[in-house]
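Have a look at the structure below before the remarks.
Labels below follow one simple rule: chain letters A, B, ... track the order of the sequence lines, proteins then strands, and each chain is numbered from 1.
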There are 2 protein chains.
Amino acid sequence: MDKPSFRERVLVAREQAIVEAANRLLAEKGFDLMTVDEVAAQVGIAKASLYKHFSSKESLAAAAMVRLMDRALAFVAEREALDPAPAPLDQLKAVARWSMEVQMAGEMPSLPAQNSSLRAELTGRADYLDRLFELSDRIGAWVEAAQAAGALNPQLPPEVVLYTVYARACDPVLAVLRQAGSASSEQIIDWVLASCFDGLAAR
Amino acid sequence: MDKPSFRERVLVAREQAIVEAANRLLAEKGFDLMTVDEVAAQVGIAKASLYKHFSSKESLAAAAMVRLMDRALAFVAEREALDPAPAPLDQLKAVARWSMEVQMAGEMPSLPAQNSSLRAELTGRADYLDRLFELSDRIGAWVEAAQAAGALNPQLPPEVVLYTVYARACDPVLAVLRQAGSASSEQIIDWVLASCFDGLAAR
DNA sequence: GTCTATAGAAAGATAGAC
DNA sequence: GTCTATCTTTCTATAGAC
């Protein structure tokens, strides 16, 4: 590992700025409505310069997803390092809460599941898939542990629990409640978290 | 009310065919990726002819939403007419199940919440808003009744319950589980319904 | 690598004949 | 009202100078 030169560090910093701008715009407008012009404008460079760093709009979105996975993996690692270790069910609640906080902060990129060119890019990128699989492994371990401890609804298979936790990241209820305007972001997240883990029905 | 002429009935039937095609394509690809050309092609008419019926892509999507609201109101009316009347909580479960069935059947139009021209069209159309408010009133009445009966999680305000039920219509967990391929649509819906009302945590 | 300028393609919307 | 043909705009992507 050579020490990176000044030039290289500037380059990396610029790429980070591009990805962060893309991430914000993906959260705000979604993939289809985000334009590469806007991203370049936010970074303060020309569109042609952006295309020297990322070969397509899809690869730019994929880079934003890789960054999101890295943030998620870092959060999970933090939680795994806690001593004493929290109960697995609490770990699941924590990661669900974290993803909702990211969404509420306007930092959760929203990609249409239907867009095939985007799907092709994501499923063809090992850096993204590796992170996604590792994240699923780690959260999946919490699911199994919680199930073994009898803390999870025994009706539900592990994948259902995993995907339901993932889905909090794009839960539209957050935005609707915020637009209604009668509660704080924290209160809204508490409500959605309670409905997710405790259910709508009385206990 | 004059009896509609043959010509008029043909016209109405054609508009229905257009809206149904748009509805399917909205479900399949979403608003941004659906093209007016495709809709026209599916109906078997020229794009210019479609624009004689609907003044814009947005108004076409709005017509699909009005149709969806009518279907939902019809379902709710059916459930209200049952004798003996089901428990309010079961009514809520029934409408959540219905909306998931519509999604699984590929008939749930998916509109991006972020698109402002589309939002402007929807919030400017009394025919859509009237139906949405009426639907919310009726389902809201079930929520209140269920709450009064002590059947709902007392932590949650009524709007949270209402929006959480609505959100099942676009729950991405359904599509992910179906793509995983290991369960029937009916089984998947049962799981998601259980996680929604009973929660992920054990009782 | 960054810029300006532009090519190329897609899609919403319309003109005008019938 | 329906068609073919076209306009217009928007956006992705690239060419070519520096």
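By the side-chain hydrogen bond (donor to acceptor under 3.5 Å, both in side chains) test, Glu38(A) pairs with Lys29(A), Thr35(A), sequence neighbours left out.
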Can you list, pair by pair, the side-chain donor-acceptor contacts under 3.5 Å of residues 11-18 of chain B, counting residues two or more places apart and other chains?
residue	atom	partner	partner atom	Å
Glu15(B)	OE2	His53(B)	ND1	2.9

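Dashed line: the shortest gap from a side-chain N or O of Arg14(B) to OP1 or OP2 of dT2(D) is under 4.0 Å. Phosphate contact (OP1/OP2 of dG1(D), side-chain N/O of Ser49(B), threshold under 4.0 Å): absent.
Taking the side chain of Lys52(B) as heavy atoms from C-beta on, and the options dT14(D), dT4(D), dT2(D), the nearest nucleotide is dT2(D).
Look at CZ on Phe54(A): it is 18 Å from C1' on dT14(D), rounded to the nearest Å. Atom C1' of nucleotide dA15(D) and atom CG of Leu50(A) are separated by 17 Å, given to the nearest angstrom. Across the protein-nucleic acid pair, Glu121(B) atom CD and dG12(C) atom C1' stand 14 Å apart, rounded to whole Å.
Proximity of Arg131(B) to Met65(B): side-chain heavy atoms (C-beta onward) are nowhere separated by under 4.5 Å. The shortest side-chain heavy-atom distance between Leu135(A) and Tyr166(A) falls under the 4.5 Å cut-off.
Residues Arg24(A) and Gln42(A) have side chains that bring a donor and an acceptor to within less than 3.5 angstrom of each other.
With respect to Arg79(A) and Asp90(A), no salt bridge is recorded, no charged nitrogen being found less than 4.0 Å from a carboxylate O.
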Its contact letters, B for base, S for sugar-phosphate only and - for none at protein heavy atoms under 4.0 Å, make nucleotides 7-13 of chain D read ----SBB
